[in-house]
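Accompanying notes for the structure given below.
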Amino acid sequence: MIDLKDLRENPDKYRNGTRDKCMDVDIDRLLALDEGRRAIVTRLETARSEQNRISKEVGPKIGQLKGKLKAAAGDEKDRLEMEIAALEARPSELKALVTEEERHLAAIEPEFKALWLQVPQPPSPDVPKGKGSEDNQEIRRWAPSNWDFTKTFAENRGFKPRTHLELVRMHGLVDFERGVKMSGTRHYVLTGLGMRLHQAVLRYAVDFMADKRGFSPMGIPVIVKEECMVGTGFFPAGREQAYHIEESKRGSGHDLYLTGTGEVGLMGLHADEILSHEQLPLKYCTVSTCFRREAGAAGKDTAGLYRIHQFDKVEQVVVCKADDAESRAWHKQMMESVEMILQSLGLAYRLLQCCTGDLGVKNEDMIDIESWMPGRGEVGKDGAPTGEFGETHSASRLNDFQCRRLNLRYKDADGKTRFAYALNNTVAASPRVLIPLLEMHQQADGSVVIPEVLRGYMGGIAKIG
RNA sequence: GGUGGGGUGGCCGAGCGGUUGAAGGUACCAGUCUUGAAAACUGGCAGACUCGUCAGGGUCUCGAGGGUUCGAAUCCCUCCCCCACCGCCA
C-alpha cells in the first residue's frame with residue numbers, strides 16, 4: 001500500500017511507476033476519489049463536531065424535561081413537549097446532515113479502497129526499465145571449478161546428461177503417478193532417498209541461516225486469514241493463486257487461505273505492532289510448505305518437479321528501519337547467503353536484475369537467482385538437452401509497501417513512529433532445487449553424488465545409485 | 001460438539017445512557033530530592049484520519065459490524081475471538 005500523502009504530492013512518481021511496471025491502475029481516478037472523499041469527510045466532521053457540541057449543551061436539559069414529561073399532564077404536558085421539540089430541532093437537523101454525508105462517503109469508499117490497494121510500489125529509480133522477463137539483465141554468474149558455461153554438459157563432463165525426470169525414476173526418488181492419483185496434476189510423492197534429500201536441503205538451509213547468518217528460525221502458520229494475504233500484498237492481485245478454505249460456508253469462523261510462501265507468516269507476525277527501533281532489524285527464516293494453484297500456468301512446465309502445487313521452502317525475511325541504504329545492504333547480505341549456499345552445493349547460477357516490467361506490485365527492486373539446470377531447454381545436436389537457467393530464488397526489496405499494509409511500525413530513536421522496510425528472499429525451495437542438484441551431480445552411470453554439506457543430513461550417504 | 005464465563009489504553013482494572021478518550025493502579029520516560037540508586041513527590045505517556053502557512057482545531061477508535069437515541073464503552077441485533085470444564089481426537 002502506498003502513502004496517499006505522497007501520492008497527492010508526487011502523482012507522477014506513481015503514474016510512472018505503474019506504467020514502468022506495465023500495470024494498469026487509474027491513478028487519476030484514485031486522486032479524484034481521494035479529493036472527493038476528503039471533501040465529504042470535512043463536511044461530515046464539521047457536522048459531527050457541531051452535533052457533539054449541541055448535544056452536550058442541550059442534552060442534559062432534554063433529559064430533565066423528558067423526566068418531567070412523564071409526570072406531567074394537560075397544558076403542562078403540551079408545553080413540555082413543545083419545549084423538547086424545540087430543543088431537539090437543531091440536533092435532528094444535524095443528524096440528518098451527518099447521515100447524508102455518511103451515505104456519500106459509503107458510496108465512494110469501496111472503489112477508493114480497492115483502487116488504493118492496487119497501486120503498485122514504484123520501482124527503485126535504478127531498476128532498468130523493461131517489459132517483462134526478456135528484459136531482465138544478468139548481473140553475474142558463478143560456476144564451480146568443474147563447470148564451464150561456454151561448454152555443453154557433455155563437453156564439461158564427458159557424457160550426456162540425464163534429465164532430473166530420468167534420474168528420479170532411475171533411483172526411485174519421486175513417484176509422480178501416485179501423487180497425481182491422490183491429488184491430481186502437478187502433484188508428486190517424494191520417496192525414500194528423494195524425501196531424505198529434500199529434507200536434507202531444507203534442514204541444511206535452515207541451519208545455515210540460523211548458525212552462520214544469525215537469522216531466527218520460526219515455525220509459522222501456512223493457513224491464514226485474508227488480512228494476512230492482503231497485508232503481505234498477495235491479495236487482491238494474487239487471489240487466483242491461493243487455495244481458499246471456505247470455513248464461513250460451514251457456518252463458523254472465517255475463511256482461510258493456504259500461503260504460497262513463508263513470507264506471509266513471517267511478515268504477518270508483527271502486523272499491527274509498533275516495535276522499538278532497538279528490536280530492528282528483525283531477521284527471520286522459516287521452512288514451510290507452500291501452496292500454489294498455478295492458475296494461468298496451464299501447459300507450462302508440466303513435467304517433473306519444476307512447477308508444482310505444493311512444495312517446501314526455506315524463506316528469509318528482514319524488517320529494518322525505513323532507510324534506503326540499510327535496505328540495500330540487507331538485500332546484498334540476503335543474496336550473499338544464497339550464493340554461499342549454492343556454492344557449497346556445487347551449483348552453477350546467475351544473478352538476474354529484474355526489469356521494471358517483471359516486478360510484482362509490492363517490490364521496488366528484485367533480483368532473481370537462477371540455477372543452471374542441465375536437463376532443461378531444447379534438445380541439442382547430440383540428442384541431449386542443452387540446459388537452461390531456471391529460477392530458484394528471488395530477492396525483493398519492498399520499501400515500506402508491505403509494512404504499510406500490515407501496519408507494522410517502529411518508534412525511531414527520535415520518537416517518531418514510522419513504517420518499517422521489508423525484504424525477503426528464498427533460501428532454498430525444494431523439490432525445485434533438487435532439479436539442478438541431481439542434474440549437476442549426476443555421473444556417467446546415472447548415480448548422483450551428494451554434496452558434502454548435505455551428507456550429514458542423510459545419514460552419511462555420499463552417493464545415490 | 002456441549003455447558004459456563006469473558007473481550008475496556010503497554011499490562012491490570014473501574015465504569016453499565018450525558019462534563020469518560022475513558023477513574024485508579026502498574027509499567028515506561030523526564031524532572032525534584034540524593035554522592036549515586038531506591039523511595040517519595042511533580043509532570044508526561046495511544047493511534048489513525050482530517051482542517052490549518054504556523055499556533056492550534058476537529059473527527060473516529062472501549063473485539064467487529066449494524067441498530068435504537070438529541071446523545072452509547074454503557075441498551076438491542078448479528079458476527080468474530082478468547083478462557084474454563086466436559087466430550088471427541090492427531
Side-chain angles (χ1 to χ4, degrees), chain A residues 1-9 30-31 33-70 80-110 112-113 116-117 219 221-231 245-257 268 270-279 289 400 403-420:
Chain A
M1 175 151 54
I2 55 132
D3 182 0
L4 278 179
K5 273 188 203 129
D6 195 41
L7 174 73
R8 281 173 217 142
E9 282 159 24
L30 179 60
L31 283 166
L33 286 170
D34 174 55
E35 208 179 312
R37 199 186 66 94
R38 274 152 62 223
I40 295 169
V41 165
T42 305
R43 287 199 298 273
L44 177 63
E45 291 188 351
T46 310
R48 277 216 184 109
S49 169
E50 173 89 354
Q51 198 182 23
N52 287 343
R53 215 198 74 235
I54 292 188
S55 178
K56 269 176 197 163
E57 253 174 47
V58 304
K61 224 179 286 174
I62 294 175
Q64 271 184 357
L65 291 176
K66 280 191 174 167
K68 281 187 195 165
L69 187 62
K70 277 183 195 159
L80 285 169
E81 270 172 357
M82 277 172 66
E83 211 173 316
I84 291 170
L87 283 173
E88 283 184 351
R90 181 61 181 150
S92 298
E93 222 172 87
L94 285 166
K95 197 190 176 185
L97 200 77
V98 165
T99 310
E100 196 192 324
E101 294 297 353
E102 277 174 345
R103 235 196 324 268
H104 289 156
L105 194 61
I108 65 167
E109 200 87 312
F112 169 74
K113 280 189 177 154
W116 187 14
L117 278 178
V222 294
I223 156 171
V224 301
K225 297 181 190 171
E226 181 170 12
E227 57 203 81
C228 286
M229 299 300 281
V230 174
I245 303 167
E246 295 184 295
E247 277 298 289
S248 61
K249 279 203 173 156
R250 312 175 89 183
S252 72
H254 37 62
D255 285 8
L256 293 160
Y257 297 86
H270 296 287
D272 290 317
E273 291 183 22
I274 301 178
L275 304 167
S276 152
H277 63 96
E278 285 147 343
Q279 289 171 267
T289 303
D400 64 4
C403 291
R404 268 180 195 283
R405 288 193 175 221
L406 287 165
N407 196 26
L408 196 173
R409 292 166 294 170
Y410 70 98
K411 226 178 242 308
D412 213 342
D414 59 14
K416 253 197 96 165
T417 306
R418 294 170 214 274
F419 289 104

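Computed from heavy atoms alone, side chains included, the values below leave out hydrogens, waters and symmetry copies. Protein chains get the first letters and strands the later ones, always in sequence-line order, with residue 1 at the start of each. Just so you know, these numbers come straight off a predicted model, no measurement behind them.
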Taking only side-chain nitrogens and oxygens of [X], does any of them come within less than 4.0 Å of OP1 or OP2 of [N]?
X      : N      : answer
A/N52  : B/rG58 : no
A/K411 : B/rG10 : no
A/R38  : B/rC51 : yes
A/R409 : B/rA48 : yes

- Query: Is the shortest side-chain N to carboxylate O distance from A/E50 to A/R53 below 4.0 Å?
  - Reply: yes

- Query: Salt bridge check: are A/K416 and A/D412 linked by an N-O gap of less than 4.0 Å?
  - Reply: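 No salt bridge links A/K416 with A/D412.
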
I'd like the [atom1] distance from [M] over to [N], given in whole Å.
N      : M      : atom1 : value
B/rC62 : B/rA48 : C1'   : 16 Å
B/rC75 : B/rC16 : C1'   : 9 Å
B/rC76 : B/rG17 : P     : 11 Å
B/rG10 : B/rA46 : C1'   : 10 Å
B/rA38 : B/rC49 : P     : 37 Å
B/rU61 : B/rG9  : C1'   : 11 Å
B/rU26 : B/rU68 : P     : 43 Å
B/rA39 : B/rG47 : C1'   : 34 Å

- Task: Using modelled atom types only, decide if a donor and an acceptor are shared between the side chain of A/R37 and the backbone of A/E109 within a distance under 3.5 Å.
- Result: no

- Query: Where the side chain of A/S49 meets the backbone of A/E45, is there a donor-acceptor pair that is under 3.5 Å apart?
  - Reply: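 No: the side chain of A/S49 does not pair with the backbone of A/E45.
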
Without decimals, in angstroms, what is the distance between [X] [atom1] and [N] [atom2]?
X      : N      : atom1 : atom2 : value
A/D272 : B/rU61 : CG    : P     : 18 Å
A/E102 : B/rU50 : CD    : C1'   : 16 Å
A/E247 : B/rC79 : CD    : P     : 16 Å
A/D34  : B/rU50 : CG    : C1'   : 11 Å

- Query: Counting any heavy atom closer than 4.0 Å, what does A/R8 reach on the DNA or RNA strands: base, sugar-phosphate only, or nothing?
  - Reply: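 Result for A/R8 = sugar-phosphate.
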
- Task: Select base, sugar-phosphate, or nothing to describe what A/N407 touches, counting heavy atoms under 4.0 Å on all strands.
- Result: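 Nothing, no nucleic acid heavy atom in range.
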
Please write out the pairs of protein N or O atoms and N or O atoms of nucleotides 67-78 of chain B separated by less than 3.5 Å, giving the distance to one decimal.
residue, atom, partner, partner atom, Å
B/rG71, O4', A/S55, OG, 3.3

- Assigned partner base of B/rA84, Watson-Crick or wobble definition, under 3.5 Å: B/rU3

- Task: Specify the residue among A/E50 and A/A39 whose closest nucleotide of RNA chain B lies further upstream toward the 5′ end.
- Result: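 Nearest-nucleotide comparison on RNA chain B picks A/A39.
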
- Just wondering, more than 12 heavy atoms not from A/E35 lying within 6.0 Å of its CD?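 It does not: A/E35 CD has 12 such atoms or fewer within range.
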
